[in-house]
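Remarks on the structure that follows.
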Amino acid sequence: MSEQETAPETTIVTSEQPDTPLPAPGKDRRSLRALLRWTAALAVFAAVGAGTAYGITRMDRTDVPGLATASDGRWAYPELTRPPLPSGSPAPFADANRAGAHYADLRALLLPAPEGANEDKALRGSDGWLATKDYLAEYALKEERDELRQKLVDTGLRHIAARGWTTPDGTRTRIYLLQFGTANVVENQFASDNVAYSTPAYQVRGSGEAVYDEGFPQGAAVSRVERTAYVEAKPYGAEQVRQAYVAAGDVFAVILQSRKGTAPAVPFQQTVVLQSQLLG
């Protein structure tokens with residue numbers, strides 16, 4: 001399986017109808033079907049205007065090298081739906097939303113587990129909110145956990161929502177959504193201290209040296225969402241760990257995948273892009 005392959009088709013349905021006009025009756029029905037087909041790692045989501053409306057654009061599979069096949073190890077996710085926004089609240093990247101705030105319930109913005117996976121119920125926390133200490137347990141060194149804990153206090157962490165699962169092949173996934181007061185806090189105070197180009201700032205438990213993931217398709221970017229991905233370099237120990245850090249408005253997402261032997265690239269890329277789309 002090539003490092004350049006990625007994600008299967010999965011539908012994301014917004015709470016409003018997209019602004020993109022549909023072809024007039026009588027035109028080629030294949031164009032209509034193409035317009036309505038959402039591709040997991042290829043659709044680029046952007047919030048436009050105020051209120052709950054989302055503007056959506058799309059790319060064909062062939063726009064990104066190596067994404068033309070369907071039998072490449074991608075997981076079968078359920079149909080994805082963005083939760084509705086409270087009445088009168090703008091979308092996270094609307095012009096009227098200068099704070100870049102996600103007004104939808106953060107817990108509802110978590111990517112669901114794919115078909116056949118066993119969910120890690122411990123990550124649900126209390127009422128869907130995870131304690132900070134449980135998130136910090138992902139990091140190997142006590143001094144780094146202490147430093148990160150203080151940064152979370154200093155930057156005004158509001159909530160952590162998390163979900164995790166294990167698929168039949170033994171791949172273990174953990175997703176953490178950390179919500180702060182504004183997008184400015186995420187971009188300029190927290191994300192900048194956690195992400196470097198060459199390697200993550202903090203060592204994840206079970207991972208050796210992690211390097212920038214050159215194999216992650218750049219064409220699978222999500223509009224207005226910043227993503228940095230890393231992969232554990234050889235030689236690694238009993239398992240390989242993949243990491244992604246996503247800044248989307250007032251939310252900072254940490255996505256980890258690990259598996260004994262080698263952690264496949266395709267489901268990792270798929271998971272990162274889908275979670276980014278839900279936040280976008």
Side-chain angles (χ1 to χ4, degrees), residues 44-47 91-95 97-103 106 109-111 130-162 174-205 207-218 220-233 241-257 268-269 271-280:
V44 179
F45 288 80
F93 296 110
D95 292 340
N97 190 350
R98 295 187 177 182
H102 285 78
Y103 290 105
L106 188 68
L109 289 170
L110 280 164
L111 184 66
L130 190 72
T132 301
K133 65 180 179 62
D134 294 328
Y135 165 66
L136 293 172
E138 285 286 3
Y139 297 93
L141 305 178
K142 182 182 184 302
E143 58 268 29
E144 292 189 350
R145 292 196 298 271
D146 291 342
E147 179 182 324
L148 185 53
R149 180 185 295 108
Q150 188 59 50
K151 285 185 178 179
L152 291 170
V153 172
D154 293 343
T155 51
L157 174 69
R158 295 176 58 200
H159 304 292
I160 301 176
R174 290 90 72 205
I175 299 175
Y176 301 93
L177 303 185
L178 286 69
Q179 190 168 36
F180 296 85
T182 66
N184 182 65
V185 171
V186 172
E187 294 170 4
N188 299 320
Q189 298 183 48
F190 193 75
S192 59
D193 289 338
N194 280 263
V195 175
Y197 178 82
S198 58
T199 187
Y202 301 104
Q203 182 182 351
V204 171
R205 191 179 300 276
S207 176
E209 180 185 6
V211 297
Y212 185 77
D213 188 355
E214 299 283 356
F216 207 113
Q218 295 302 311
V222 176
S223 180
R224 302 190 186 184
V225 174
E226 298 295 329
R227 177 196 71 220
T228 306
Y230 303 96
V231 59
E232 186 177 1
V241 180
R242 293 181 179 271
Q243 310 174 44
Y245 299 88
V246 173
D250 65 343
V251 175
F252 185 75
V254 178
I255 303 168
L256 307 173
Q257 265 187 16
F268 174 70
Q269 295 166 2
T271 300
V272 171
V273 173
L274 287 174
Q275 182 60 75
S276 298
Q277 289 177 345
L278 285 171
L279 294 172

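Keep in mind the model is a prediction, meaning the values are calculated, not measured. Positions are given from 1, in the same order as the sequence printed here.
One distance of note links CD1 of I160 with CG of L177; it measures 10.0 Å at 0.5 Å rounding. To the nearest 0.5 Å, atoms CD (E214) and CZ (F216) are separated by 13.0 Å. The distance from atom CG of L136 to atom CD of E147, rounded to the nearest 0.5 Å, is 11.5 Å. If you take CG on L130 and NE2 on H159, they are separated by 13.0 Å, rounding to the nearest 0.5 Å. For the atom pair CD (E209) and OG (S198), the distance works out to 9.0 Å, reported to the nearest 0.5 Å.
Side chain of Q203 to main chain of S207: a donor-acceptor pair is present (N/O by atom type, distance under 3.5 Å, no hydrogens or angles). Judged purely by atom type and a 3.5 angstrom limit, Q275 uses its side chain to pair as donor or acceptor with the backbone of L111. The main-chain N or O of F93 is found under 3.5 Å from a side-chain atom of R224 such that the two form a donor-acceptor pair. Checking side-chain atoms of E232 against main-chain N and O of G208 turns up a donor-acceptor pair under 3.5 Å.
The shortest distance between side-chain heavy atoms of D213 and F268 falls below 4.5 Å. Using a 4.5 Å heavy-atom cutoff, the side chains of R227 and V222 are not in contact. The shortest distance between side-chain heavy atoms of H102 and D250 falls below 4.5 Å. Contact annotation: the side chain of L148 never approaches that of R145 to less than 4.5 Å [non-hydrogen atoms, C-beta and beyond]. For the pair Y202 and L141, the minimum side-chain heavy-atom distance is 4.5 Å or more. No side-chain heavy atom of Q257 sits under 4.5 Å from any side-chain heavy atom of I255. Within the 4.5 Å cutoff, the side chain of R242 has no heavy atoms near those of the L256 side chain. The side-chain heavy atoms of L109 and L279, taken from C-beta on, include a pair separated by under 4.5 Å.
Around the CZ atom of R205, the shell of radius 6.0 Å holds more than 12 heavy atoms that belong to other residues, nucleotides or ligands. Atom CD of E144 is surrounded by more than 12 heavy atoms from other residues, nucleotides or ligands within 6.0 Å.
Closest of all the heavy-atom pairs between N97 and A91 is ND2-O, 3.0 Å. Between A244 and V272 the shortest heavy-atom distance is CB-CG2, 3.6 Å. Of all heavy-atom pairs spanning A220 and V273, the tightest one is O-CG2, 3.7 Å. Heavy atoms only, all atoms of each residue included: Y230 and A210 are closest at CB-CB, 4.2 Å. When all heavy atoms are compared, the tightest approach of L110 to A162 is CD1-O, 3.4 Å.
Among residues two or more places apart in sequence or in another chain, the ring-ring contact (aromatic ring centres under 6.0 Å, His included) test is passed with F190 by F180, F252. Not counting sequence neighbours, the partners of R149 by the salt bridge (Lys or Arg N to Asp or Glu O under 4.0 Å) test are D146. Checked against ring-ring contact (aromatic ring centres under 6.0 Å, His included), Y176 has the following partners two or more places apart in sequence or in another chain: Y135.
Of the options L106, N194, L152, a side-chain contact (heavy atoms from CB on, under 4.5 Å) to L178 is made by L152 and by none of the others.
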Derivation of the side chain to side chain contact (heavy atoms under 4.5 Å, CB included) call for V225 and V246: CA-CA 7 Å; V225 174; V246 173; 3.2 Å; yes
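Of the charged side-chain nitrogens involved, at least one lies within less than 4.0 Å of a carboxylate oxygen, so that E138 and R174 count as a salt-bridged pair.
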